[in-house]
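One structure is given below, encoded as structure tokens.
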Amino acid sequence: MNQPFFPTQKPLIVVGTISTQYGVKATYSNHLPIDLIEYRLDSILLELNFTEGIAALQRSLQERSLPVLLTIRSKKEGGMLELSDCERSELFEKFFPYVDCVDLEWQEYSKLSPIYSLYKNGGKKIIFSIHSLSEFIDLDKLIASLPDIKLLDPDFLKVAVRIENLRQLKQLTELFFSYPKIPWSLMGIGEFSHLSRIVLSALGSRLVYGYIDKPAALGQPSVLDLKENFQRLGIIAKNQSLPQAL
Ligand SMILES: O=C1C[C@@](O)(C(=O)O)C[C@@H](O)[C@@H]1O
């Protein structure tokens, strides 16, 4: 198995989320305008027999042609599957050899630190993610945690937050200017989801998420809608499917 190239150097990385068994198949049969595939394992496993499903997914991941990001969202953070902390950690361990990048919830770092060490020492990319699904985030609290986050040197710091008005979107954009060295991946959820992804991608957000099979969050656009709008607005060139430079 040749490990697919992870496009770290790209200024904007398009992530296609899959949440269903159908999505897993589509990923291998289509040419999608994405750089990275997000496996929402907490959702994909819902439809499968647990043990057989894990083995089948591991087999298909061995054949992957794009880098894969593993996400196993806890129920508290909007995940679909009821898993104990121990079961979730075991899943992270089982999929370690088959993926290129992992999403770890910063709020749950105390439980996930062995998984962080496993992936970091194994040379995988790390996304720390912070969510606030139902309301705007407490930015002071986020800013207070930046020194601890920096010590762990993640490849990306993702903040996915409910945005209810343009003032909140502006507040989020200010993070780029106040902390320019952080590899931010910022996005809105809800009514301003699509607009926020356009604005934040144009300003330098490193990862932009769209869905391949079905929305994984309120208002999440499809990767095809993202591509169309990015091309129309000049964020990516018209003759390119993927962004090269901002
Ligand atoms: O955290 C994120 C971002 C997301 O919630 C979105 O809004 O696109 C989709 C999730 O699957 C992913 O893990």
Side-chain angles (χ1 to χ4, degrees), residues 12-24 26-27 32-47 66-81 83 88 91-92 95 99-109 112 115 119 124-137 142 149 154-164 168-169 172 183-201 205-227 229-230:
L12 176 62
I13 297 169
V14 180
V15 185
T17 300
I18 57 176
S19 309
T20 66
Q21 208 182 343
Y22 169 77
V24 174
T27 303
L32 295 160
I34 56 175
D35 302 296
L36 179 63
I37 302 169
E38 180 190 44
Y39 262 54
R40 279 291 303 266
L41 202 61
D42 56 287
S43 177
I44 300 170
L45 277 177
L46 267 185
E47 300 174 329
L66 279 171
V68 168
L69 153 66
L70 175 65
T71 301
I72 314 175
R73 190 79 56 235
S74 71
K75 268 261 172 184
K76 209 173 116 215
E77 298 280 334
M80 308 297 285
L81 200 60
L83 291 167
R88 192 156 67 117
L91 277 179
F92 276 123
F95 279 86
V99 299
D100 309 281
C101 181
V102 70
D103 179 306
L104 299 175
E105 284 149 10
W106 173 248
Q107 283 100 325
E108 309 223 334
Y109 181 71
L112 294 171
I115 302 300
Y119 277 75
K124 312 279 181 178
K125 305 291 175 209
I126 307 279
I127 300 173
F128 276 139
S129 86
I130 296 174
H131 297 109
S132 187
L133 304 180
S134 55
E135 58 186 2
F136 194 64
I137 199 164
L142 165 65
I149 293 176
D155 296 280
F156 306 99
L157 177 57
K158 172 159 67 71
V159 181
V161 53
R162 185 70 169 260
I163 292 186
E164 280 161 327
Q168 291 173 339
L169 175 55
L172 211 55
W184 294 111
S185 296
L186 306 178
M187 66 206 74
I189 292 176
E191 198 188 331
F192 292 95
S193 171
H194 201 152
L195 175 66
S196 74
R197 286 162 212 239
I198 291 170
V199 170
L200 295 162
S201 298
S205 188
R206 297 293 321 282
L207 306 173
V208 62
Y209 287 64
Y211 71 85
I212 293 174
D213 48 5
K214 68 170 193 186
L218 191 65
Q220 187 194 36
S222 72
V223 286
L224 296 176
D225 281 348
L226 276 178
K227 178 189 156 193
N229 279 319
F230 282 1

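Values reported hereafter were calculated over all heavy atoms of this structure, with side chains retained and with hydrogens, waters and symmetry mates removed. In listed order, ligands and their atoms are each counted from 1.
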Looking only at protein heavy atoms, which one is nearest to atom 8 (O) of ligand 1, and what is the separation? R197 NH1, 2.7 Å

Note the single closest protein heavy atom to atom 1 (O) of ligand 1, along with its residue, its atom name and the distance in Å. K158 NZ, 2.4 Å

Considering non-hydrogen atoms of the protein only, which is the closest contact for atom 5 (O) of ligand 1, and what is the distance? A217 CB, 3.4 Å

Hey, are E105 and K158 close enough for a salt bridge, meaning a charged N less than 4.0 Å from a carboxylate O? no

Can we call the ring centroids of F128 and Y109 under 6.0 Å apart? yes

Specify the protein heavy atom at minimum distance from atom 9 (C) of ligand 1: its residue, its atom name, and the distance to 0.1 Å. Q220 NE2, 3.6 Å

Starting at CD of E38, measure out to OH of Y209 and round the result to the nearest 0.5 Å. 5.0 Å

Closest approach of any protein heavy atom to atom 12 (C) of ligand 1, naming residue and atom: E38 OE2, 3.3 Å

Numbering as shown, the atoms of ligand 1 that approach T17 to under 4.0 Å (heavy-atom distance): 11 (O)

Axial cation check for Y119 ring with K125, 6.0 Å and 45° limits: no

Please confirm whether the backbone N or O of L81 pairs with a side-chain atom of D42, one donor and one acceptor, at under 3.5 Å? no

When you measure from atom 3 (C) of ligand 1 to every protein heavy atom, which one gives the shortest distance, and what is it? M187 SD, 3.7 Å

List every atom of ligand 1 that sits less than 4.0 Å from any heavy atom of R73, numbering the atoms from 1 in the order shown and giving each element. 1 (O), 2 (C), 12 (C), 13 (O)

Option from T71, L46, L70 for which side chain to side chain contact (heavy atoms under 4.5 Å, CB included) with L41 holds: L70

Going by distance only, is there an N or O of T71 that falls short of 3.5 Å from an N or O of ligand 1? no

One finds that the ligand 1 atoms under 4.0 Å from a non-hydrogen atom of A216 are 11 (O)

Using a strict cut-off of less than 4.0 Å between a Lys/Arg side-chain nitrogen and an Asp/Glu carboxylate oxygen, indicate whether D103 and R73 qualify as a salt bridge. yes

